[in-house]
Amino acid sequence: MKIENLIHKATESALLDLYNFKIDENQIQVQNTRKDQEGDITIVVFPFLRFSKKSAEETGNEIGGYIVNRLQDVESFSVIKGFLNLKISNEYWIENLTSSYSNADYGVILPCEKSKLVMIEYSSPNTNKPLHLGHIRNNLLGYSISDILKANGNKVIKTNIVNDRGIHICKSMYAWQKWGEGKTPENSGMKGDHLVGEFYVEFDKKYKAEIAELIRKGLSKEEAESKAPSILAARELLLKWEAGDAETVNLWKKMNEWVYSGFDVTYKKLGVDFDKIYYESETYLVGKEEVLRGVREKIFIQKEDSSVWADLTSDGLDQKILLRSDGTSVYITQDIGTAKMRYNDYEIDKMVYVVGNEQNYHFQILAVLLDKLGFSWGKDLYHFSYGMVELPSGKMKSREGTVVDADDLVDEMIQVARDMSAELGKLESISKEDAEDTFRMIALGALKYFILKVDPRKNMMFNPSESIDFNGNTGPFIQYTYARIKSVLRKSAENNIIINKNVKINSLSSKEKDLLKRITLYPIAVKEAGENYSPAVIANYCYDLVKEFNQFYHEHSILSEPNEHQLNFRLMLSATVAEIIKKGMNLLGIEMPERM
RNA sequence: GCCUCGGUAGCUCAGUUGGAUAGAGCAACUGCCUUCUAAGCAGUAGGUCAUGGGUUCGAAUCCCGUCCGGGGUACCA
């Protein structure tokens, strides 16, 4: 049993025995002692004063004495200003080290029969343009939270809904038909998604010019926007597509294939993947059917113009349109269809949508609609709502080209890693292939850590020229510390030093103890990350651990330690730290290089 | 207007269910590579936790008001 829990219980019975008061368990505050104070674990005694009817000092002394007598691992105590600081035996911390050392499942709850099946939707790209920095945040969060939920004992299915139909695709299609001159990824050497994205931008340029022209001819802005030849042509393509026109559908398929092969490269580069992919073109009609079922079952209402609405005023929301008067579906209709298909395909206990916070209202409504339609997990679907990525220049707008392209960003960072490594004279002795792989790991480590270390709910600032650093609180710093530990372990192995689980040492330095304590916190960090859907918890934990390790590393020699027992202990401590930071970073999707 | 989220060092961010003297990194300045990898370590400087009130032993944290900012509130996706 964890020492915190034991102390909790002991405090409870102390209050009962000493003051005859049965306290509510969550009124006892047990926390780690501040670094600058003597002791390891602290109990806050203020809340007990009103029934001990004694001073804080006196109450603390009485409870402290009681606990020291009861718990073997609690060696001594001191009371300072209403805080009861307990000193825990070295044996306790070391015991925790030896049990976590080389334990592959340390901090992990393994799935079992009762495990919940969680489906996580993330990425959800449109097929008219390449992925950008905003998608990167989405993908990294989705992938990481999947692993974190797995580590918390859930079964997880990663899914992606590809928005592969609609007017935006038709815009790219029209532009390609009109100005494409037969350009393909093959004959242009361009990545498919970038090629299609180029035509999307091209469309917007022409469209804007046409609008300006029409306004000059005296049309109002609204009129011009709806009567520009380009948009009319794009709308016509959409109608043709919906009617199943062979030529249009073929073009649509062809261009989507280009985009998918481009996305595959980007996903692979980012190291994310999916267990099941849904396509909007296959779900939107299902959604429409579900809405019509809702009408038949009088869950929704159909107005005279035949548009369909959900009246959510009794849920504190507005009326929401589900089908337009011409019978076509809106954004939320396809989400209903996708939900229906997923519901048929899997026995989902919990559905998690990783989608930006601009859609909070959308998911609030979706939850209510799914519930009304009878999906058991609808009501408590979880919208993992993350904040936007902002640039110094403001918001990213793909149509205006003010985006940070995902592929470009990763490539640039790999180049920076390469340059930095050359400058520092690292990795000169290993093969070119291995070095390249390491640069890739470092670049992605930097990017992933930078994005995942911040609270997902908050907006974050990304300054392309300054943000990505390799020093300080960064992925590469953590990777570097790992590589150094690995180096020490390699050298000890070369000297035939074998780590022995039987630790015999007389005393611990404060740095050693800090590390030992920090190791006990890893399972708590994993749990908290799962409960809060926050990879940032893991990132910050890893950084603290690494920071602490570096201080220890700086103060203690390891390989030149003459005392055999000390050497054994320090190697085990180092190896355990390495394992934990690797586990933690892996939960963020970050790979750890053995050398750098 | 209404709903919603946020405001912590010059910049980017942490800050455990309310706890002790609010922490990191970057940028600036000072030291430390003959020593297990200096992508490191140690130190200096930098704060009215937007603001005004309230709750209490105790508030960056909880409640109310004000100011500033993001997002939403479409027969767009």
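Labels below follow one simple rule: chain letters A, B, ... track the order of the sequence lines, proteins then strands, and each chain is numbered from 1.
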Query raised in the report: Just checking, any donor-acceptor pair under 3.5 angstrom between side chains of A:N138 and A:S123?
Result: no

**Report entry** Span that lies between the C1' atom of B:A38 and that of B:C57, in whole angstrom
**Finding:** 48 Å

Requested in this report: Identify whether any heavy atom of A:I442 sits under 4.0 Å from a base atom; if not, whether one sits that close to sugar-phosphate; answer base, sugar-phosphate or nothing.
Outcome: base

Query - Span that lies between the C1' atom of B:G65 and that of B:A24, in whole angstrom - result: 34 Å

Report summary line: Given the 90°-from-0 boundary between syn and anti, B:C33 should be labelled syn

Report task. Give one of base, sugar-phosphate or nothing for A:K547, where a contact means two heavy atoms less than 4.0 Å apart. Result -> sugar-phosphate

**Report entry** Aromatic ring pairing A:F384/A:Y533, orientation class (parallel under 30°, perpendicular over 60°, tilted between)
**Finding:** perpendicular

Report task. Remember a base hit wins even if backbone is also touched, and classify A:Y480 as base, sugar-phosphate or nothing at under 4.0 Å, heavy atoms. Result -> base

Query raised in the report: Contact class for A:Q551 (heavy atom, under 4.0 Å): base, sugar-phosphate, or nothing?
Result: sugar-phosphate

Requested in this report: Would you check if there is a donor-acceptor pair between the side chains of A:D419 and A:Q415 at a distance under 3.5 Å?
Outcome: yes

**Report entry** Span that lies between the C1' atom of B:G52 and that of B:G40, in whole angstrom
**Finding:** 46 Å

Query - Rounded distance in Å between the C1' positions of B:C49 and B:A60 - result: 5 Å

Query raised in the report: A:Q334 and A:Y278: side-chain donor and acceptor closer than 3.5 Å?
Result: no

Query raised in the report: Expressed as a whole number of Å, how far does the C1' atom of B:A45 sit from that of B:G58?
Result: 30 Å

Query raised in the report: Heavy atoms under 4.0 Å, any strand shown: does A:Q29 hit a base, just sugar-phosphate, or nothing?
Result: base

Requested in this report: Using chain A heavy atoms and a threshold of under 4.0 Å, write down where along RNA chain B the contacts begin and end, 5' to 3'.
Outcome: B:G7 to B:A77

Report task. Would you mind checking if A:R324 and A:D326 are paired as a salt bridge, meaning a charged N to carboxylate O distance below 4.0 Å? Result -> no

Report summary line: Taking for A:P456 and for A:S557 the nucleotide of RNA chain B with the nearest heavy atom, the one nearer the 5' end belongs to A:P456

Requested in this report: Check every strand shown and say whether A:T42 touches a base, only sugar-phosphate, or nothing at a heavy-atom separation below 4.0 Å.
Outcome: base

Query raised in the report: Under the criterion side chain to side chain contact (heavy atoms under 4.5 Å, CB included), which of A:V79, A:T33, A:I7, A:N85 is the partner of A:I43?
Result: A:I7

Report task. Quick one: label A:A536 by what it contacts on the DNA or RNA (base, sugar-phosphate, nothing), any heavy atom closer than 4.0 Å. Result -> nothing

Query raised in the report: On the ring face of A:W309, is A:K303 found with NZ or CZ under 6.0 Å from the centre and within 45° of the axis?
Result: yes

Requested in this report: Using a heavy-atom cut-off of under 4.0 Å over every strand shown, decide if A:F83 touches base, sugar-phosphate, or nothing.
Outcome: base

Query raised in the report: What does A:N85 touch in the nucleic acid at a heavy-atom separation under 4.0 angstrom: a base, only the sugar-phosphate, or nothing?
Result: base

Requested in this report: Tell me what A:F462 touches on the nucleic acid: a base, only sugar-phosphate, or nothing, going by heavy atoms under 4.0 Å.
Outcome: nothing

Query raised in the report: Which whole number of Å gives the distance between the C1' atom of B:A9 and that of B:G72?
Result: 33 Å

Query raised in the report: Toward the 5' end of RNA chain B, which comes first, A:D318 or A:F470, by nearest nucleotide?
Result: A:F470

Query raised in the report: At under 4.0 Å between heavy atoms, what does A:M596 touch on the DNA or RNA strands: base, sugar-phosphate, or nothing?
Result: base

Query raised in the report: Are A:R137 and A:Y386 in a cation-pi contact, defined as NZ or CZ under 6.0 Å from the six-membered ring centre and within 45° of the axis?
Result: no

Query raised in the report: Expressed as a whole number of Å, how far does the C1' atom of B:A59 sit from that of B:C64?
Result: 15 Å

Requested in this report: Can you tell me which stems RNA chain B forms, taking runs of 3 or more consecutive Watson-Crick or G-U pairs with both distances under 3.5 Å?
Outcome: B:1-7 with B:67-73, B:10-13 with B:23-26, B:28-32 with B:40-44, B:50-54 with B:62-66

Query raised in the report: Salt-bridged, A:K35 to A:E548, with N to O below 4.0 Å?
Result: yes

**Report entry** Distance between P atoms of B:U16 and B:A22 (Å, rounded)
**Finding:** 15 Å

Requested in this report: Using a 4.0 Å heavy-atom cut-off across all strands, classify A:R457 as base, sugar-phosphate, or nothing.
Outcome: nothing

Query raised in the report: Any side-chain heavy-atom pair from A:V295 and A:I301 closer than 4.5 angstrom?
Result: no

Query raised in the report: With sugar-phosphate meaning primed atoms plus P, OP1 and OP2, does A:N32 contact a base, only sugar-phosphate, or nothing at under 4.0 Å between heavy atoms?
Result: nothing

Query raised in the report: Across the strands shown, which category fits A:V454 at heavy-atom distances under 4.0 angstrom: base, sugar-phosphate, nothing?
Result: sugar-phosphate

Report task. Kindly assign one of parallel, tilted or perpendicular to the pair A:F203 and A:Y174, based on the angle between their ring planes and the thresholds 30° and 60°. Result -> perpendicular

